[in-house]
Amino acid sequence: MLQVYNTLSRSKESFAPIHPPHVGLYVCGPTVYDDPHLGHAKSYVSFDVIVRFLRHSGFKVRYVQNITDVGHLLGEGDEGEDRVLKKARLEKLEPVEIAQKYERHFFRDMDLLNNLRPDISCRATGHIPEMIEMIEKLLKQGKAYETNGDVYFDVSRFPAYGRLSGRKIDDLREGVRKESAEGKRHFADFALWKKADAQHLMQWPSPWGRGFPGWHLECSVMSTKYIGESLDIHGGGLDNQFPHHECEIAQSEAATGKPFVKYWLHNNMVTVDGQKMSKSLGNFVTLEELFKKFDPMTVRFFILQGHYRSPQDFSEPALDAAAKGLARLSDAYHSLAGIAGDQEAGEETGEPWAGFQKKFQAFMEDDFSTAGAVAILFDMARAAQSLTREQAGQAASALRLFDMLAGDVLGLRFTPPQSSGESEKQVVDYLVELRNRFRAEKNWKLADEVRQRLESAGIVLEDGKDGTKWSRK
RNA sequence: GGCGGCGUAGCCAAGUGGUAAGGCGGAGGUCUGCAAAACCUCUAUUCAGCGGUUCGAAUCCGCUCGCCGCCUCCA
């Protein structure tokens, strides 16, 4: 039985979807105003594995993720430029160009990490009418109020406000940085709609004049549109727990009168060399930069070695270590494939493989403990490396298991060794043969010279029981 | 100032009441002409520190120190 940690109850709970076997899962997507970074990798790899494991467990998952391409309120009542607009000004592009450019970058990097695409990837700007509808509903119920072209949610009308994040309205600090916007009844009230001045580049007509939607609204609207009034799982970064998710709950439940989300899942944050990642500290790492140095699979594997609810520190030594560990798994995988050949996998996997599968399953069922699951992969690699050529049947079964656990569930890809062209093959085969003649004559000097020269050309020789193997590195 | 979380070997990192997973690194060994790869063995009497609860704590409680997040857009 799958156990998931629910932020709402602050404890692990048995997972039982509202309408089994269907699972409606919504994850807060990116704001597309800049390149994706390490934090996105951790968050979306984490939820990708959750989706993969749910599907592996037989659930029919609908995975919805938004693209925030508008609507960032800047501090209340302030200079009024949102991030997308600011970037548009800096890059001298239309806001839509900015949003679509960074959306493409986002998916490019997510694809490299082998994250499955959401079933529905929805943009905020495509759902303005639905947002207006929800605001009207809230106004009609007296849970929101309009003031001078702005519409605010009346937090006092939602007593459960603060339950998710565990805070009381009275504890919130008013005006930490800015004065509260004019016209708000309470400083904790949040915007559903903001009036736009004439120069504002993104604005829509509404019953309250031209303006743009509040940030929290899009998630409430799109999740209920595509999943229903009650979601099984809502995921996102811990940093969004308050105020974003708190506000989503308030407006959704106020509008529908139904529980908004059954299980809230939050992933923890990343640090770089032990420090918070931020532009001002100059340690902001985009995935594009990172992938120049580390294979995306290494990054994915590194993330999987931690837990999604724990903070994770990125450093070059840690990623180097992960790369080596992943290479070991990859070698084992390919050696398994070599032994299995064309052999069909049998019905029964047999021991020790069945035991590995069971343990792997148990780790994943314990709140998606990928670190434990990865440890089982290493047990499998060890067992795989001790199979002999005569055990092709077992190797085939093991290979199938590897594909299922490491591939389907964890989303790891083991790239095959680089292949060589036909003429290169002939030349290297000849040199290997030549070297083996030297070895037979115990001419170690020349034999070693051949090996060294090939190595400096990127070809590595390994002498084994069944002769000499070579591969490109 | 308020709220929440974390601190586990040289490094990364699981483990949340029953006697410390895993990876990297290091040491030794098997194999090898030597390598490489692979495999085997070892590598934290101890979980930031100090007290307390308990038959028993890394795990619960209190205090101290350090770090992180949120309270303002952020995965």
Side-chain angles (χ1 to χ4, degrees), chain A residues 7 10 12 27-31 33-34 36-47 68 71-76 78 82-84 86 162 165-168 170-178 188 215 235-244 246 266-271 274-279 301-302 305-315 317-329 331-332 335 359 363 366 369-379 381-386 439 442-444 447-448 451-452 455 460-465 468-469 471:
Chain A
T7 308
R10 312 228 165 229
K12 285 184 194 169
V27 176
C28 281
T31 302
Y33 71 97
D34 208 347
H37 52 72
L38 273 180
H40 294 105
K42 164 126 172 137
S43 187
Y44 298 116
V45 166
S46 298
F47 285 105
T68 299
H72 265 171
L73 284 184
L74 300 184
E76 307 288 349
D78 91 309
D82 77 31
R83 295 204 164 215
V84 174
K86 186 176 176 192
S165 54
R167 43 193 102 198
K168 301 182 186 77
D170 298 339
D171 291 338
L172 299 178
R173 215 173 177 191
E174 179 168 7
V176 170
R177 201 169 72 179
K178 297 281 177 201
W215 173 47
L238 201 53
D239 51 345
N240 273 335
Q241 190 178 310
F242 189 90
H244 184 51
E246 200 69 74
H266 289 100
N267 66 276
N268 215 134
M269 318 307 281
V270 304
T271 52
Q275 277 194 308
K276 172 188 176 165
M277 183 173 73
S278 78
K279 288 190 171 167
F301 181 70
F302 177 69
Q305 280 189 301
H307 189 96
Y308 78 95
R309 279 194 292 114
S310 299
Q312 193 161 30
D313 185 53
F314 278 78
S315 64
L319 282 162
D320 281 332
K324 285 181 185 160
L326 183 63
R328 232 182 87 202
L329 291 182
D331 286 350
S335 122
K359 285 185 196 162
F363 274 119
D366 181 14
S369 295
T370 53
V374 165
I376 300 304
L377 254 33
F378 281 100
D379 288 341
R382 206 163 291 127
Q385 293 283 189
S386 52
R439 292 177 68 211
K442 297 197 191 298
N443 187 344
W444 310 126
D448 289 349
R451 184 169 62 193
Q452 273 159 24
E455 190 172 353
V460 179
L461 303 193
E462 291 175 7
D463 300 323
K465 283 219 159 59
T468 302
K469 284 193 292 190
S471 58

Undergrad: Rounded to whole angstrom, note down the P distance from B/rA20 over to B/rU45.
TA: 12 Å
Undergrad: Starting at atom CZ of A/R167, determine the distance to atom C1' of B/rG1, rounded to an integer number of angstrom.
TA: 14 Å
Undergrad: Using the P atom as the point on both nucleotides, what is the distance between B/rG7 and B/rU41, in whole Å?
TA: 30 Å
Undergrad: When you compare B/rG23 with B/rA14, how far apart are their P atoms, in angstrom units rounded to a whole number?
TA: 15 Å
Undergrad: Whole angstrom is fine here: how far is it from NZ in A/K359 over to P in B/rG22?
TA: 10 Å
Undergrad: Polar atom pairs between nucleotides 34-42 of chain B and protein, under 3.5 Å, N or O only, would you list them?
TA:
residue: B/rC34; atom: O2; partner: A/R451; partner atom: NH2; Å: 2.7
residue: B/rC34; atom: N3; partner: A/R451; partner atom: NH1; Å: 2.9
residue: B/rC34; atom: N3; partner: A/R451; partner atom: NH2; Å: 3.2
residue: B/rC34; atom: N4; partner: A/R451; partner atom: NH1; Å: 3.4
residue: B/rC34; atom: N4; partner: A/D463; partner atom: OD2; Å: 2.9
residue: B/rA35; atom: N6; partner: A/D463; partner atom: N; Å: 3.4
residue: B/rA35; atom: N6; partner: A/D463; partner atom: O; Å: 2.9
residue: B/rA35; atom: N1; partner: A/D463; partner atom: N; Å: 3.1
residue: B/rA35; atom: N3; partner: A/R451; partner atom: NH1; Å: 2.9
residue: B/rA36; atom: N1; partner: A/D463; partner atom: O; Å: 3.3

Undergrad: Taking NZ, NE, NH1 and NH2 as the nitrogens, is one of them in A/D379 or A/K359 under 4.0 Å from a carboxylate oxygen of the other?
TA: no
Undergrad: With rounding to the closest Å, how many angstrom separate the P atoms on B/rG1 and B/rC42?
TA: 50 Å
Undergrad: Provide, to the nearest angstrom, the distance between the CG atom belonging to A/N240 and the P atom belonging to B/rC70.
TA: 10 Å
Undergrad: Searching all strands shown, indicate the nucleotide that pairs with B/rG51 (Watson-Crick or G-U wobble; both distances under 3.5 Å).
TA: B/rC61
Undergrad: Mind checking if A/D313 touches a base, just sugar-phosphate, or nothing, with heavy atoms under 4.0 Å?
TA: sugar-phosphate
Undergrad: Tell me which of A/T271 and A/P243 sits closer to the 5' end of RNA chain B, going by the nucleotide each one is nearest to.
TA: A/T271
Undergrad: Kindly determine whether A/S46 and A/N267 satisfy side chain to side chain donor-acceptor pair (under 3.5 Å), including the steps that lead there.
TA: CA-CA 7 Å; A/S46 298; A/N267 66 276; 5.5 Å; no
Undergrad: Report which part of the nucleic acid A/K324 touches: base, sugar-phosphate, or nothing (heavy-atom distance under 4.0 Å, all strands).
TA: sugar-phosphate
Undergrad: Checking side-chain contact (heavy atoms from CB on, under 4.5 Å) for the pair A/K469/A/V460: CA distance, chi angles, key distance, verdict?
TA: CA-CA 8 Å; A/K469 284 193 292 190; A/V460 179; over 6 Å; no
Undergrad: Look at all strands and tell whether A/H266 reaches a base, only sugar-phosphate, or nothing, counting heavy atoms closer than 4.0 Å.
TA: nothing
Undergrad: Quick one: do A/E246 and A/S165 satisfy side chain to side chain donor-acceptor pair (under 3.5 Å)? Show the steps, please.
TA: CA-CA 7 Å; A/E246 200 69 74; A/S165 54; 2.5 Å; yes
Undergrad: For the C1' atoms, the ones on B/rC70 and on B/rU53, what distance do you get once it is rounded to whole angstrom?
TA: 32 Å
Undergrad: For A/D320 and B/rC24, what is the distance between atoms CG and C1' respectively, to the nearest whole Å?
TA: 9 Å
Undergrad: Could you check whether any side-chain heavy atom of A/Y44 comes within less than 4.5 Å of a side-chain heavy atom of A/V27, counting everything from C-beta outward?
TA: yes
Undergrad: In the strands shown, is B/rC42 matched to any nucleotide by a Watson-Crick or G-U wobble pair with both distances under 3.5 Å, and which?
TA: B/rG26
Undergrad: Say you pick atom C1' in B/rG26 and the same atom in B/rG10; how far apart are they, in whole Å?
TA: 9 Å
Undergrad: Using the salt bridge (charged side-chain N to carboxylate O under 4.0 Å, His left out) criterion, which residues pair with A/R328? Sequence neighbours excluded.
TA: none
Undergrad: Examine the side chains of A/S310 and A/N268 and answer whether a donor and an acceptor come within less than 3.5 Å of each other.
TA: no
Undergrad: Report each atom pair, protein N/O against N/O of nucleotides 15-20 of chain B, whose distance is under 3.5 angstrom.
TA:
none

Undergrad: Of the candidate nucleotides B/rG22, B/rA14, B/rG4, which contains the atom at the shortest distance from the side chain of A/R10?
TA: B/rG4
Undergrad: So which nucleotide does B/rU19 pair with, by the Watson-Crick or G-U wobble rule with both distances under 3.5 Å?
TA: none
Undergrad: NA contact type, A/F302, heavy-atom cut-off 4.0 Å: base, sugar-phosphate, or nothing?
TA: sugar-phosphate
Undergrad: Roughly how far, to the nearest 0.5 Å, is CD of A/E455 from CG of A/D448?
TA: 11.0 Å
Undergrad: Using purine N1 to pyrimidine N3 plus N6-O4 or O6-N4 for Watson-Crick, or N1-O2 and O6-N3 for G-U wobble, each under 3.5 Å, what pairs with B/rG66?
TA: B/rC6
Undergrad: Looking at A/S386 and A/A383, would you say the former's side chain and the latter's main chain have a donor-acceptor pair under 3.5 Å?
TA: yes
Undergrad: How close or far is atom P of B/rA14 from atom CD1 of A/I376, stated in whole angstroms?
TA: 16 Å
Undergrad: More 5' along RNA chain B: A/V374 or A/G306, using each one's nearest nucleotide?
TA: A/G306
Undergrad: In whole angstroms, how far is the C1' atom of B/rA21 from the CG atom of A/L377?
TA: 14 Å
Undergrad: For B/rG29 and B/rA21, measure between their P atoms and round to the nearest Å.
TA: 26 Å
Undergrad: Can you measure A/Q241 atom CD to B/rU72 atom P for me and round it to whole angstrom units?
TA: 14 Å
Undergrad: Can you classify the ring geometry of A/H40 versus A/H37 as parallel (below 30°), tilted (30 to 60°) or perpendicular (above 60°)?
TA: tilted
Undergrad: For B/rA75 and A/T31 - does any side-chain N or O of the residue sit under 4.0 Å from the phosphate oxygens OP1/OP2?
TA: yes
Undergrad: Quick one: does any side-chain atom of A/Q312 pair with a main-chain N or O of A/F302 as donor and acceptor, under 3.5 Å?
TA: yes
Undergrad: Categorize A/Y44 for me: base, sugar-phosphate, or nothing, with a 4.0 angstrom heavy-atom threshold over every strand shown.
TA: sugar-phosphate
Undergrad: Just do the side-chain contact (heavy atoms from CB on, under 4.5 Å) check on A/Y308 and A/T370 with the steps written out, would you?
TA: CA-CA 8 Å; A/Y308 78 95; A/T370 53; over 6 Å; no
Undergrad: Can you tell me, in whole Å, how much space there is between the P of B/rG51 and that of B/rC47?
TA: 12 Å
Undergrad: If you look at every strand shown and take non-hydrogen atoms under 4.0 Å, does A/G325 touch a base, only sugar-phosphate, or nothing?
TA: sugar-phosphate
Undergrad: In whole angstroms, how far is the P atom of B/rG69 from the CG atom of A/N267?
TA: 14 Å
